[in-house]
Amino acid sequence: MIRLEGIDRSFQVGGEWVHALREISLEIPAGDYVAIMGPSGSGKSTLLNVIGLLDRPDRGRYLLGGVDAAGLTEEGRADLRRDKIGFVFQSFHLISRLTAAENVELPLVLAGTEPRVREARVAELLQQLNLSDRARHRPDQLSGGQRQRVAIARALAMRPAVLLADEPTGNLDLTSGREVVEILEGMNAKGITLLVVTHDPAIGGRAHRRIRMVDGLVEEGA
Amino acid sequence: MRATDLINHSYIALRAGRVRSFLTMLGIAVGIAAVVVLTAIGEGVQRYVLKEFTQFGANLIAVMPGKTETFGVSGAMVSNVRPLSLDDARSLERLSGIEAVVPVVQGNASVEAGRMSRRSMILGVGSRVPDVWSMHPALGRFLPGDDFTAARGYAVLGSKMSEELFPGRSPLGERVRIGSESYRVVGVMERKGQMLGFDMDDTVYIPISRAMAMFDRESLMEIDLLYSAGLSSGPVAERVKRHLKDRHGGEDFTVVTQDQMLEVLGDILGVLTIAIGGLGGISLLVGGVGILTIMTITVNERRGEVGLLRALGARKRQVLTLFLLDAVTLAGMGGLIGLGLGIGLALLVGILLPALPVSISWFYAAMAEIIALLVGLASGVAPALHAARLDPVQALRAE
Ligand SMILES: Nc1ncnc2c1ncn2[C@@H]1O[C@H](COP(=O)(O)OP(=O)(O)OP(=O)(O)O)[C@@H](O)[C@H]1O
Ligand SMILES: [Mg+2]
């Protein structure tokens with residue numbers, strides 16, 4: 001379960017302070033499917049980064065699965081992120097010199113998982129995402145949709161409890177975009193908490209719950 | 001993260017940037033190659049010089065007049081010094097552990113044979129030169145073991161002297177005039193070459209007492225002793241010192257063992273080798289700057305990747321390790337290339353310039369490789385730290 005209480009986050013740009021998140025309080029039960037929408041610059045990515053433990057709020061309390069993030073050290077947050085969170089980015093963030101299989105394997109390698117376990121897990125994920133015949137291909141040899149599927153497989157490698165997707169279809173055509181959304185929803189159906197930032201009302205409409213952000217504030221529903 | 005995965009990660013990164021990696025490695029490789037070649041030449045010269053010194057036999061002790069801390073200063077500079085006499089030499093011959101004694105006086109005189117004449121070095125010595133200096137006659141024999149004071153007028157020629165005075169024929173039995181005296185040639189020495197600037201082949205050996213008379217000297221310039229094989233130089237030198245002190249009533253002479261000479265010489269040449277090795281080390285430094293530069297660029301280019309690694313749960317320390325390892329691998333592999341290059345070059349120098357002695361020093365080669373790794377570590381620290389300290393959110397936005 002994700003629980004935010006009075007989260008504030010501002011950035012100093014030049015001499016001015018930009019208030020990216022204002023007094024955000026939010027509760028997302030495990031297994032939920034939430035779409036986060038809103039205009040550009042409204043703080044959606046910042047919210048996702050705070051939830052993903054990549055960014056620290058200036059004020060407020062954040063609990064992830066009952067653990068207070070404020071009480072964690074830098075290493076503790078890295079470990080929690082590794083074990084509980086999967087990120088999917090608009091620009092895929094695949095490593096171009098690694099093959100699809102190696103990209104998917106990366107989180108397991110970083111975690112020091114045994115090679116035998118890794119191999120099995122990667123094969124399973126590639127098959128699940130219909131990428132088995134692309135395992136040895138490098139990102140530049142893959143289509144956009146295939147790249148995002150590799151990125152999703154990578155996000156799932158550590159079997160996270162929460163999947164955070166920041167505009168996962170933003171760089172994809174309609175068909176691949178729908179495919180990716182369906183895959184993410186499939187994961188949600190298996191119990192993963194899914195948070196998707198999107199500009200696409202069609203995708204927003206499919207989520208169980210919609211959060212609208214405007215200027216760092218949350219408007220529920222809409 | 002597992003060690004094999006770490007290495008594999010670095011390997012893939014270096015392979016992906018093949019050209020860049022190779023050029024960076026080249027910087028280190030040139031440095032290592034320079035160290036290997038220069039120390040190989042230094043080490044070779046060192047061995048060559050030491051061999052030059054030992055070619056006149058081992059187990060040698062030299063006694064010179066005058067008390068000096070270092071050798072080279074003549075006793076003539078010191079007053080109230082009792083010179084070394086033939087009696088000193090004779091008495092040393094009876095000392096236990098001493099196999100043979102050669103008293104030495106050296107001077108210049110013109111040597112004539114028929115119409116030929118040549119001015120050169122005259123060495124007044126005893127009969128034991130072949131044993132003490134490991135020099136043997138190629139023709140005839142060396143000076144006979146006459147008593148020092150009643151020596152017959154025999155002479156032995158150096159090989160060059162023989163060729164100059166008696167071109168194309170044997171000088172054995174012929175007469176030569178040295179100064180105002182006539183000598184009969186009884187032997188010709190084998191070719192020996194230069195020894196510290198003295199051409200040992202352009203020399204005439206005559207009995208010590210006759211040389212002393214010829215050069216109007218009362219005393220010896222040096223006494224060379226051969227001690228029994230199996231004894232160590234220190235105690236023998238002590239015994240010689242004590243014996244001469246008893247005779248002279250004080251230590252007004254200097255005893256130098258060959259071991260001491262070799263040690264001092266070895267030290268000097270060793271410092272020289274280190275110095276030229278250091279010269280090669282400077283180019284290693286330049287290679288290190290190359291790694292620093294390329295790693296700084298690499299980290300900047302891979303900001304997005306750093307952000308991703310952090311998003312995947314990598315700790316700061318892990319990011320640091322990964323980039324440090326990249327730098328160390330670059331340097332280490334550059335070092336190995338340099339070792340190969342240096343060894344190849346050293347062998348080539350050995351083949352192309354046989355006169356220049358070359359001897360690859362594995363000690364310096366290993367040192368150079370270790371230094372290369374340290375250079376890699378040192379030049380990797382700043383870029384790797386920079387990578388580890390990147391804000392993951394900012395880093396992710398970089399791409
Ligand atoms: N690291 C940062 N430094 C300075 N300002 C930042 C930083 N990150 C976010 N901001 C600012 O905070 C505000 C919210 O940014 P955020 O990226 O969360 O918006 P967003 O809703 O994701 O927008 P978009 O839909 O364009 O991705 C913006 O005004 C942005 O300029
Ligand atoms: Mg955004």
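Chain identifiers are assigned alphabetically (A, B, ...) following the order of the sequence lines, protein sequences preceding nucleic acid strands; residue numbering begins at 1 within each chain. Heavy-atom basis, side chains included; hydrogens, waters and symmetry copies ignored.
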Quiz item: Hey, mind stepping through B:Arg47 and B:Leu269 against side-chain contact (heavy atoms from CB on, under 4.5 Å) and telling me if it holds?
Solution: CA-CA 9 Å; B:Arg47 287 198 188 176; B:Leu269 294 169; over 6 Å; no
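- Formation of a donor-acceptor pair under 3.5 Å by the B:Thr296 side chain with backbone atoms of B:Pro383 is not found in this model.
- Among A:Ile95, A:Asp83, A:Ile85, the residue making the largest number of heavy-atom pairs under 4.5 Å with chain B is A:Ile95.
- Among the residues in residues 103-121 of chain A, those with a non-hydrogen atom closer than 4.5 angstrom to a non-hydrogen atom of chain B are A:Leu106, A:Pro107, A:Val109, A:Leu110, A:Gly112, A:Thr113, A:Glu114, A:Pro115, A:Arg118.
- No side-chain donor-acceptor contact under 3.5 Å links A:Arg3 to the backbone of A:Leu63.
- Heavy atoms closer than 4.5 Å to chain B are found in both the backbone and the side chain of A:Glu75.
- Rounding to the nearest 0.5 Å places CG of A:Asp79 at 11.5 Å from CZ of A:Arg77.
- At least one donor-acceptor pair closer than 3.5 Å links the side chain of A:Thr198 to the backbone N or O of A:Asp200.
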Atom pairs and distances, donor-acceptor, side-chain atoms in residues 14-28 of chain B, under 3.5 Å, two or more places apart:
residue : atom : partner  : partner atom : Å
B:Arg18 : NE   : B:Arg15  : O            : 3.2
B:Arg20 : NH1  : B:Thr298 : OG1          : 3.3
B:Arg20 : NH1  : B:Glu301 : OE1          : 3.2
B:Arg20 : NH2  : B:Glu301 : OE1          : 3.3
B:Arg20 : NH2  : B:Glu301 : OE2          : 2.9
B:Ser21 : OG   : B:Leu14  : O            : 2.9
B:Ser21 : OG   : B:Gly17  : O            : 2.8
B:Thr24 : OG1  : B:Arg20  : O            : 2.7

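- Among residues 42-58 of chain A, the residues having any heavy atom closer than 4.5 Å to a heavy atom of chain B are, in sequence order, A:Asn49, A:Leu54, A:Asp55.
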Quiz prompt | Audit row: B:Arg310, B:Asp391, salt bridge (charged side-chain N to carboxylate O under 4.0 Å, His left out) steps and yes/no | solution = CA-CA 9 Å; B:Arg310 299 293 304 281; B:Asp391 172 41; over 6 Å; no
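- Using a 4.5 Å heavy-atom threshold, the side chains of A:Asp166 and A:Gln90 count as separate.
- When each of A:Glu102, A:Arg154, A:Met158, A:Arg81 is scored by its heavy-atom pairs under 4.5 Å with chain B, the top score falls to A:Arg81.
- With rounding to the nearest 0.5 angstrom, the CD1 atom of A:Ile152 is 15.0 Å from the CZ atom of A:Phe87.
- For chain A, the nearby part of B:Leu308 is the side chain; its heavy atoms alone come within less than 4.5 Å.
- Rounding to the nearest 0.5 Å gives a distance of 10.0 Å between CG of A:Leu4 and CG of A:Leu64.
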In a table with atom names and distances, give each donor-acceptor pair under 3.5 Å that connects a side chain of residues 131-140 of chain A to protein atoms at least two apart or in another chain.
residue  : atom : partner : partner atom : Å
A:Arg138 : NH1  : A:Arg97 : O            : 2.9

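- Residue contact with chain A, scored on non-hydrogen atoms closer than 4.5 Å, involves the backbone and the side chain of B:Leu309 alike.
- Chain A forms the most heavy-atom pairs under 4.5 Å with one residue out of B:Thr4, B:Leu6, B:Asn8, B:Asp5, and that residue is B:Asp5.
- The line from CD of A:Glu16 to OG of A:Ser10 is 12.5 Å long, rounded to the nearest 0.5 Å.
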